[in-house]
Amino acid sequence: MIDIKSENELKLISEVGKIVKLILEELKAGARPGVTTADLEQKAVEIIKKSKARSAFQGYRGFPGAICTSLNEQVVHGIPGNTRLSPGDILSIDVGVEKNGYYADSAITIPIGDKVSGNALSLIEVTEKALRLGIEKAVEGNRLFDISNAIQELAESHGYGVVREFVGHGIGKSLHEDPEVPNFGRQNTGPRLKSGMVLAIEPMINEGGYEVEVLSDGWTAVTKDRLLSAHFEHTIVITGGEASILT
Ligand code: MG
Ligand code: MG
């Protein structure tokens, strides 16, 4: 069942969404060559603490980090550590926060330094655009997989692979609620979208094939062909008109 949030719940999700947005802005500004992913996590932890909030990821099914940092061929769920960012890298940062019992979740992929390849920059650009097109379909009266289809169509038109194993999700009182929001699917299918539904839409797009595998740390998902991957995510609410972005 897809939960419909009340005005008050939407206010609380929007409040935590602002914290998530702030963290991503700060981490984007701080992600330079020489910085470690643990440094970025530390910064996130400070903001979360100052905001009297809590990381939604730390301890989730035993995840050891407060944020996810996924480099280059890493798709999602990379664990912050002593890896130093290098010029030419692309870094996906995923941030989920809970405050007052409500959750928001958002992710970005950013180029590190000024030596990032044109291929990598295109992948980032198309993935961000795929998120934007998906959000445009997230309107009352449309069906859920209209979102999925818009993302898939754009990504595949560029020859990219759309990750199947990880999907977006409903969010609000929990980090992951119904429904699953895949990044692939047929137009005009799936549940009808209604005002007050809150979704985390999150295309994960690979430069090559869509297959992924999980490294021996039990978390880090990488592309099977070790080509690059990008990830963008927003928490949005369906309204009578355009979806409203809460992160
Ligand atoms: Mg996320
Ligand atoms: Mg998510």
Side-chain angles (χ1 to χ4, degrees), residues 2-3 5 13-14 16-28 31 37 40-41 43-45 47-48 51 53-71 74-80 90-99 102-110 124 127-128 130-132 134-135 138 144 147-148 151 162-185 197-206 212 214 219-222 229-238 243 245-247:
I2 308 177
D3 194 34
K5 267 71 183 180
I13 300 169
S14 160
V16 69
K18 287 194 183 100
I19 300 169
V20 169
K21 181 175 190 224
L22 172 69
I23 294 168
L24 283 174
E25 282 167 359
E26 292 287 321
L27 298 189
K28 185 177 181 179
T37 49
L40 297 176
E41 169 169 70
K43 193 170 224 178
V45 167
I47 300 169
I48 290 169
S51 310
R54 182 180 73 81
S55 162
F57 298 166
Q58 188 111 48
Y60 182 87
R61 295 185 183 167
F63 186 76
I67 61 172
C68 299
T69 51
S70 308
L71 213 52
Q74 298 177 354
V75 179
V76 285
H77 305 161
I79 302 167
I90 65 169
L91 175 69
S92 299
I93 309 172
D94 194 347
V95 174
V97 173
E98 177 264 332
K99 185 172 179 176
Y102 287 84
Y103 289 77
D105 190 6
S106 182
I108 54 174
T109 300
I110 54 173
I124 291 174
T127 306
E128 188 168 22
L131 173 59
R132 203 166 63 236
I135 292 172
L144 182 65
I147 300 171
S148 315
I151 292 168
V162 175
V163 172
R164 298 328 198 233
E165 266 179 70
F166 303 101
V167 295
H169 48 94
I171 182 168
K173 287 196 273 278
S174 311
L175 178 61
H176 296 124
E177 299 181 355
D178 282 343
E180 289 195 342
V181 185
N183 297 303
F184 55 95
M197 290 178 173
V198 178
L199 305 175
I201 302 175
E202 50 177 317
M204 288 152 263
I205 306 297
N206 297 346
V212 302
V214 175
W219 281 105
T220 311
V222 298
S229 187
H231 180 207
F232 281 85
E233 177 179 27
H234 270 307
T235 296
I236 62 105
V237 57
I238 309 287
I245 297 174
L246 305 179
T247 44

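Counting starts at 1 for both ligands and their atoms, following the listed order. Residue numbers count from 1 along this sequence.
For Glu202, the N, O or S atom closest to the Mg ion (ligand 2) goes by the atom name OE2. Of all N, O or S atoms in Glu233, the one lying closest to the Mg ion (ligand 1) is OE1. The N, O or S atom of Asp105 with the smallest distance to the Mg ion (ligand 1) is OD1. Its N, O or S atom nearest to the Mg ion (ligand 1) is what matters here, and for Asp94 that atom is OD1.
Remark: the backbone N or O of Ala66 is paired with a side-chain donor or acceptor of Glu41 at under 3.5 angstrom. Of the possible donor and acceptor atoms, one in the side chain of Asn183 sits under 3.5 Å from a partner among the backbone N and O of Glu202.
Between His231 and Phe166, the gap from one ring centroid to the other reaches at least 6.0 Å. Aromatic rings of His176 and Tyr60 (six-membered ring for Trp) have centroids within the 6.0 Å cut-off, being under it.
Looking at Glu25 and Lys21, a side-chain N of the basic residue comes within less than 4.0 Å of a carboxylate O on the acidic one, giving a salt bridge.
Contact annotation: His169 places an N, O or S atom under 2.8 Å from the Mg ion (ligand 2).
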